[in-house]
Amino acid sequence: MIIIMGSEVTDAEIGTVVKKLENAGLQANISRGVERTVIGAIGDERKLTPEMFTPLPGVESAMHVTKQYKIVSRESHKQDTVIDIGGIPLGGKQIQIIAGPCSVETQEQMDLSAQFVHAAGCRLMRGGAFKPRTSPYAFQGHGAEGLDMFRKAAAKHNLPIVTELMDARQLDTFLEYDVDVIQIGTRNMQNFDLLKEVGRCNKPVILKRGMSATIAEWLMAAEYIAAGGNHNIIFCERGIRTFETYYRNVLDVTAIPVLKKETHLPVIVDPSHAGGKAWMVASLSQAAIAAGADGLLVEMHPSPCDAWCDADQALTPAELKKLMGTLGAIAGAVGRSI
Ligand code: PEP
Ligand code: MN
């Protein structure tokens with residue numbers, strides 16, 4: 001951290017800042033210039049906040065110079081991390097497409113979905129049993145019963161399952177059903193207690209970006225999980241809220257190269273919740289892969305018109321298959337495979 005003192009700073013004011021740094025276990029390096037005096041903190045600055053200094057007399061501003069996230073940062077781990085999901089690598093040369101319905105509805109719907117996901121060439125399946133709905137009167141998901149249907153359907157095709165955890169009290173149930181990847185949804189990205197809980201298990205976690213979260217906030221949310229000991233974290237860009245109303249969210253393609261620079265962890269994209277319309281999914285998927293995404297999380301329903309949730313954005317089985325056919329060439333152009 002560096003603390004910049006105002007032009008009329010006194011020795012006593014500098015002394016107060018130095019003392020505060022020393023009390024926090026750090027040392028001070030004082031650099032007196034003609035216009036400004038700058039005090040540099042030497043030591044582990046992560047325990048400091050700018051607000052510890054900005055209210056002090058004579059202080060003009062204070063700022064961190066090192067990043068607040070550590071375990072998830074590329075600085076701490078140069079190579080790309082490849083996460084093993086039941087034998088399927090995510091984060092390596094091969095791009096993974098995770099597909100399936102928004103929510104688990106019936107055993108038949110899940111059986112058909114698993115069959116179509118597998119037939120399209122996808123190696124992992126998604127489906128929500130606990131649904132975060134805007135209205136408390138809307139279908140909330142089948143809960144544990146839904147996990148059971150999902151597990152049975154996916155097992156027939158050896159598809160690892162990805163499903164959303166909304167409440168730490170459900171974690172044991174998730175572990176009982178041996179959920180392969182725990183999804184933390186956009187609405188819970190900064191539910192720090194939930195993040196701490198999933199940090200204590202060793203299951204891979206997909207951390208979706210909060211709908212209004214900055215990249216720094218997202219990285220810090222991942223650091224919460226990592227700090228608990230679970231380093232199997234996958235970032236998922238799913239669109240952010242802006243002034244635009246034509247589509248559900250704005251897919252922040254820029255976040256993909258930025259995250260790849262800032263973190264060694266895999267980055268995937270959810271084109272379905274970004275666009276909110278099935279017809280946009282192919283273009284957004286192609287853009288995501290061209291920009292360096294390690295995978296996609298795509299909604300597909302055996303009969304989208306009958307979907308209980310997010311019907312507008314679900315691909316048909318035929319559309320998923322067609323999309324898979326177009327992604328190989330794009331992946332190849334950026335040195336990857338599908
Ligand atoms: C979902 O994946 O079904 C979902 C609810 O996504 P998000 O948290 O991105 O809205
Ligand atoms: Mn959905």
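Nothing fancy with the numbering, it's 1 onward along the sequence. Small disclaimer: the values here were computed from a predicted structure and weren't measured. Counting convention: from 1, in listed order, for ligands and their atoms alike.
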Q.
Can you confirm whether Lys70 is buried at NZ, in the sense that more than 12 heavy atoms of other residues, nucleotides or ligands lie under 6.0 Å from that atom?
A. no
Q | Close-contact set for ligand 1 against Lys208 heavy atoms, below 4.0 Å | A | 1 (C), 2 (O), 4 (C), 6 (O), 7 (P), 8 (O), 9 (O)
Q | Backbone or side-chain N or O of Thr186 under 3.5 Å from ligand 1 N or O | A | yes
Q.
Checking Gln313 against Arg248: is there a side-chain donor and acceptor pair closer than 3.5 Å?
A. yes
Q: Just do the ring-ring contact (aromatic ring centres under 6.0 Å, His included) check on Phe130 and Phe174 with the steps written out, would you?
A: CA-CA 11 Å; Phe130 295 85; Phe174 273 51; 5.7 Å; yes
Q: With Leu259 as reference, evaluate Leu265, Val72, Ile215 under the side-chain contact (heavy atoms from CB on, under 4.5 Å) test and give the passing residue.
A: Ile215
Q) Just by distance, with hydrogens left out, do Glu105 and His142 show a side-chain donor and acceptor under 3.5 Å apart? A) no
Q | Under-2.8 Å protein N/O/S neighbours of the Mn ion (ligand 2), ordered by chain then residue number | A | Cys102 SG, His273 NE2, Glu299 OE2, Asp310 OD2
Q) Against heavy atoms of Arg238, which atoms of ligand 1 measure under 4.0 Å? A) 7 (P), 9 (O), 10 (O)
Q.
We want to know whether Gln107 and Gln109 form a side-chain donor-acceptor pair, criterion being a heavy-atom distance below 3.5 angstrom.
A. no
Q: For Gly185, counting its heavy atoms only, list the atoms of ligand 1 lying under 4.0 Å from any of them.
A: 8 (O)
Q. Which ligand 1 atoms are under 4.0 Å away from a heavy-atom of Glu299?
A. 3 (O)
Q: For atom CZ of Arg241, decide whether the heavy atoms of other residues, nucleotides or ligands shown that lie under 6.0 angstrom number more than 12.
A: no
Q) Which residue and non-hydrogen atom of the protein lie closest to atom 4 (C) of ligand 1, and at what distance in Å? A) His273 NE2, 3.4 Å
